[in-house]
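Have a look at the structure below, then the notes.
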Protein chains: 2
Amino acid sequence: MTNSPSSAIGLGLLLPFQIAQLHSALNAQAKVIVSRYGDLNLAQWRIVRVVALGIENTTTPVRKATGIDKSQFSKMLSALEEKGYVVLHPYDDDKRQHVIELTKKAYAAHDRLGPVLDARQKHLVAGLTEEEQAVIYKAIRVMAEAAEKTDFDVPIPNLEEE
Amino acid sequence: MTNSPSSAIGLGLLLPFQIAQLHSALNAQAKVIVSRYGDLNLAQWRIVRVVALGIENTTTPVRKATGIDKSQFSKMLSALEEKGYVVLHPYDDDKRQHVIELTKKAYAAHDRLGPVLDARQKHLVAGLTEEEQAVIYKAIRVMAEAAEKTDFDVPIPNLEEE
DNA sequence: TCAATAAGGTGGAAAAGTCAACGTTCTTGT
DNA sequence: ACAAGAACGTTGACTTTTCCACCTTATTGA
């Protein structure tokens, strides 16, 4: 699109890069939208969302569902509590964890932002057919799995170091 | 990498979120690979790569091609210069910019890493057909474009605030 | 020619994210 | 029952990334 790189690489070899670009763009977009509707950042919003949708409501499962590192999760949760979005209760089944309860403020934020982000989602895939969307989901799954491997022992001729 | 990559993927959650997860996984993978072959980080590697492929060789176009924020780009370029990967020359057509010249060290790094990342790329899409790959590229393009929009004025039914 | 505005790059500050050590709680095996 | 080991969340140090204000160079328009 901008300028087609020299054949060999072609467009083919730039996939991770393009995904990084796409992610960056999506992230920026989400950030603008979310910040316009409140004082939550993206990570905080995701936590609220997972709980609001009733997917999970205790710390570890929520953390896993949102894919946030446990250190940051702890910090974001504290921030949410401070800002009055959540109340943390002890969890009897596992006293290391907490039960996350959303406040009215959180639900209000969710009610406001949810539709906007739904509209955004629709907008994002508006130019794609159902079949194409299905392909994307498959591709994400496949690539995420393939991203596990890190040892690509290319037949390297004894490389001279510099 | 810290958080299990595949766990949250495939839960049927929203697309941007899954892309973020995928990006995170790909990023971690690339990080490991790149760091194993030298002292460049991802951003630095991309700069080297764009120049090595002859796509661009002056600052602004390289910056745009790599999609790196201009502040970080400046820092990464300084780091590359310090580490002896590039030499910066004044650019007469626009004295605000620089011409980026790669050193032998940079070319050597490129020669070593290029094949490995090519192998990685092949591995990533190994589970996808040609058609599916084509869909992905289209999807990325479509979504990246759609990510520009940030005003989703949803017809908000005047929701009662609390 | 000269001011006004835009674009590029730099550097400091803030935010986000990562990492490792620690205390508590849970689980497992004996 | 109890010790050993694992899982969880928290904290503080640290790194990376992002944001913003500033200075320089280009461009535009009068």
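So you know, we letter chains A, B, ... as the sequences are listed, proteins then strands, and number each from 1. Just so it is clear, the values below take in all heavy atoms, side chains as well, and ignore hydrogens, waters and symmetry mates.
Close to dT10(D), at under 4.0 Å from its OP1 or OP2, lies a side-chain N or O of S74(A). Phosphate contact (OP1/OP2 of dG9(D), side-chain N/O of T59(A), threshold under 4.0 Å): present. Residue N41(B) places no side-chain N or O under 4.0 Å from the OP1 or OP2 atom of dT16(D). Considering only side-chain N and O atoms, H98(A) lies under 4.0 angstrom from the phosphate OP1 or OP2 of dT10(D). Listed pair Q97(A) / dC8(D) fails the phosphate criterion, with no side-chain N or O lying under 4.0 Å from OP1 or OP2.
Across the protein-nucleic acid pair, D69(A) atom CG and dC8(D) atom C1' stand 13 Å apart, rounded to whole Å. Here the P atom of nucleotide dA15(C) and the CG atom of L40(A) are 15 Å apart, to the nearest Å.
In this structure, E145(A) places its CD atom where only 12 or fewer heavy-atom neighbours from other residues, nucleotides or ligands lie under 6.0 Å away.
Of the candidates dG9(C), dT10(D), dC8(D), dC8(D) carries the atom nearest the K64(A) side chain, counting heavy atoms from C-beta on.
The base of dG12(D) sits with one of its N or O atoms less than 3.5 Å from a complementary donor or acceptor on the side chain of K75(A). Side-chain to base pairing of T60(A) with dC8(D): no donor and acceptor N or O lie closer than 3.5 Å to each other. At a cut-off of 3.5 angstrom, counting only N and O atoms as typed in the model, there is no donor on one side facing an acceptor on the other between the side-chain of K31(B) and the base of dT18(C). The base of dA26(D) lies outside donor-acceptor range of the side chain of R96(B), with no N or O pair under 3.5 Å.
Taking the nucleotide of DNA chain C with the nearest heavy atom to each of K95(A) and M76(A), the more 5' of the two is matched to M76(A).
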